[in-house]
Number of protein chains: 2
Amino acid sequence: MAKAARGPSIRDVARRAGVSPQTVSRVLNDFAGIRVATRERVLEAMAELNYRRNLTARTLVTGRSNTIGMIGPDIPAIGPLSSLHAVERAAREAGFHTLLTSTSPSPDDVAGALEFLLGRGIDALVLVAEHRSVQKAVDAAIGELPVVHLLTGGRPQRTSISIDQAGGVRAALEHLLALGHRCIQHISGPLDYSEAQLRRDAFRDMIFSAGLEEFPNIEGDWTTDSGYAAGQQLDPRATAVFSANDQMSFGLIHALADQGRSVPGDVSVVSFDDTPESRHSLPPLTTVHQDFEAVGKLAVKVLVARIAGEHAPPNDLIVPWLVERSSTAGPRASA
Amino acid sequence: MAKAARGPSIRDVARRAGVSPQTVSRVLNDFAGIRVATRERVLEAMAELNYRRNLTARTLVTGRSNTIGMIGPDIPAIGPLSSLHAVERAAREAGFHTLLTSTSPSPDDVAGALEFLLGRGIDALVLVAEHRSVQKAVDAAIGELPVVHLLTGGRPQRTSISIDQAGGVRAALEHLLALGHRCIQHISGPLDYSEAQLRRDAFRDMIFSAGLEEFPNIEGDWTTDSGYAAGQQLDPRATAVFSANDQMSFGLIHALADQGRSVPGDVSVVSFDDTPESRHSLPPLTTVHQDFEAVGKLAVKVLVARIAGEHAPPNDLIVPWLVERSSTAGPRASA
DNA sequence: CTCCTGAATGCTAACGTAAACATTCGTGCC
DNA sequence: GGCACGAATGTTTACGTTAGCATTCAGGAG
């Protein structure tokens, strides 16, 4: 067994400094009304003993952990990972820390992750790119805990910080329409993810209201490989593709290149995410910018307010915008 | 103030089941020697009250948290993020959970992160892609805690799971040499990261022992943008580039394309990481495969063993290999 | 019937901290 | 000089759990 190796406690410090444990606690928590000499004696004792405050005990007694739990998806896609990372940074700046669990969509896994976080006394919960099974489990288990759903794009019943998925899709499609495209196919993410479904639905709405022909949806799984596969089943009449994330776009463009078709010469591609890679791919992608950083910051801001007991602000919608680069152009005359 | 909203405790369950708290605890921890009827009564009571075990209290009394702390870099690069993610998954499978903190290289930040993790009673620590300032802080603060340094590629003094950076570089350069390249320039990562330095050093050794001319090192910061910038300062005589990660390679290739130079026609590019994007970029990258998943798994395995008090196995070196794709070819006759 | 034994369960203390209340002490005022 | 008062510090208790020891109980041996 690993030895317990407990460090010095507040009591040891108190003894060494010749004060009561409570006084040490007060110094730790920056209470007013401690004589300067006393405080210094305590600080000195802490330094000498190499004292480290025990967050576990503190959490136990206060019921507050200053920790935000995060549940993310199991997949190593840059999008969700960026969001998680952004939350982590924003939380840190706000004086909070994060407890990260990723989980496969299996209900058992989700329940386990939730169990761990809740048992750990988190003060709030952030859900990133949730699989739908996660939503259900969370709704069942959460009591008063502040929760933010990130990026889902529209869950009116609870607080959520979302990118306005429909708005982003609209910007992307308007761009393609303005270029003159009439045959546009969609490569969606896995439809059991909220984002994927929202984007697909918004796409359909746009196609419908523009009176265009609807091509069958090709469902990918967010990965570059699935984008490549999608490129192989693309309808030959399509002059433009709206792809649900950048990674799939890369795969798609690769597949087209292998078929001897160029982007945007033969096919235009509009994408979603604006990951760092999309700025420098060949061609650089025209893509909807998702400001992960802003989302993370806003999420933490909302949560901190709710933790402090302030009334939760209404759902916040971050509006993404289209970054026009070189993967789109007008359709060929021949099309 | 947020209401405490404490859930039911072991005591509430005990009262309801008509047993002592200790018996409930025994049921929770799967002790032998509980009458079946009693156990069932307890389980029933837990279900009725929707009881959730408090990990905080448990940690406080046992001194073990079943949690592995992770410190990662502040940057949202896919490489380190993948590693963190892999550790998280491996830990979960081993019954552990993870506490993630990322930190800027500033000593204060690092100290704060460490403080948080240690105060939280983590059982072990994983360092991913450490900035050198992290190493120093960790060495100072860690006592008996099992630590694994991930991906640094050679820290003999402590247990570390590393990718054999030098081996990877060797594979990459041997490939270029075999193709006939003699003018090879390096784009390194920021040299205050261990990996960046190890790769740069291995590169130099290879160049030296092959008796080739040494071009000045161009130092990037792992991002695609810095790769693009590097592409603009490339020595015109270089027929091949060894770039320290995939993201910078993408930027580099973009810059070359903007100059009207093609890859691999005019310049060959060998890279490091084998991220999912590299399979489908144009051209697909020849790159050194880093098995983040394997590294994560191995790290957790080592840590679990050390937590259990077994003697730490010696440093483990994972050997990466070169994946040959289409970004390399022989030098032009004109070169 | 009593005693012993082992199985099942209960009781008490402890983990390290902070909240709430209690006490001490110095100081200024009458 | 005595008193009141606020500032500084101390004492007690609780948070939810588990370790360690104590107790109860049933059943078999003598």
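Residue numbering restarts at 1 for every chain, and letters A, B, ... go by the order of the sequence lines.
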N/O-N/O pairs, protein side and nucleotides 19-22 of chain C side, under 3.5 Å:
{"from": "C:dA19", "atom 1": "N6", "to": "A:Q22", "atom 2": "OE1", "distance (Å)": "2.8"}

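No engagement by A:V24 is indicated, since no non-hydrogen atom pair under 4.0 Å with the nucleic acid exists. Within 4.0 Å (heavy atoms only), B:R53 reaches sugar-phosphate atoms of the nucleic acid but no base atom.
Looking only at distances, a side-chain donor or acceptor of B:S104 sits under 3.5 Å from a matching main-chain atom of B:S106. Looking only at distances, no side-chain donor or acceptor of A:D123 sits under 3.5 Å from a matching main-chain atom of A:R64.
For the contact set between residues 34-52 of chain B and DNA chain C, defined by any heavy atom under 4.0 Å, the members are B:I34, B:R35, B:T38.
Here chain B contacts DNA chain D (any atom closer than 4.0 Å to a heavy atom, that is under 4.0 Å), and the contacts span D:dC15 to D:dG20 from 5' to 3'.
Straight-line distance from the CZ atom of B:R11 to the P atom of C:dC11: 12 Å, rounded to whole Å. Rounded to an integer number of Å, the gap from CZ of B:R120 to C1' of C:dT17 is 13 Å. For A:I10 and C:dT17, the CD1 to P distance is 5 Å, given to the nearest whole Å.
Annotation: salt bridge (charged side-chain N to carboxylate O under 4.0 Å, His left out) contacts of B:D12 (sequence neighbours excluded): B:R15. Among residues two or more places apart in sequence or in another chain, the side-chain contact (heavy atoms from CB on, under 4.5 Å) test is passed with A:S82 by A:I78, A:F292. Shown here are the side-chain contact (heavy atoms from CB on, under 4.5 Å) partners of A:R16, two or more places apart in sequence or in another chain: A:A45, A:E48, A:L49. Every residue meeting the side-chain contact (heavy atoms from CB on, under 4.5 Å) condition with B:V19, not counting sequence neighbours, appears here in chain and number order: B:A14, B:A17, B:T23, B:V24, B:T38, B:R41, B:V42. For B:T59, the side-chain contact (heavy atoms from CB on, under 4.5 Å) partners two or more places apart in sequence, or in a different chain, are A:T56, A:R120, B:S65.
Between B:L60 and B:T23, the residue anchored nearer the 5' end of DNA chain C, judged by the nucleotide with its closest heavy atom, is B:T23.
Here the side chains of A:T98 and A:T67 are not in contact, with every heavy-atom distance at 4.5 Å or above. Using a 4.5 Å heavy-atom cutoff, the side chains of A:L114 and A:L125 are in contact. Between A:I68 and A:V126, some side-chain heavy-atom pair lies under the 4.5 Å cut-off.
Within the structure, salt bridge (Lys or Arg N to Asp or Glu O under 4.0 Å) contacts touching residues 81-91 of chain A (residues at least two apart or in different chains) are A:E88-A:R92, A:R89-A:E293. Residue pairs meeting the salt bridge (Lys or Arg N to Asp or Glu O under 4.0 Å) criterion with at least one member in residues 51-63 of chain B, sequence neighbours excluded: A:E115-B:R52. Counting only residues at least two apart or in different chains, salt bridge (Lys or Arg N to Asp or Glu O under 4.0 Å) contacts with residues 17-35 of chain B comprise B:D30-B:R39.
The end-to-end axis angle of the helix from C:dC1-D:dG30 to C:dC30-D:dG1, rounded to 10 degrees and based on five pairs per end, is 70°.
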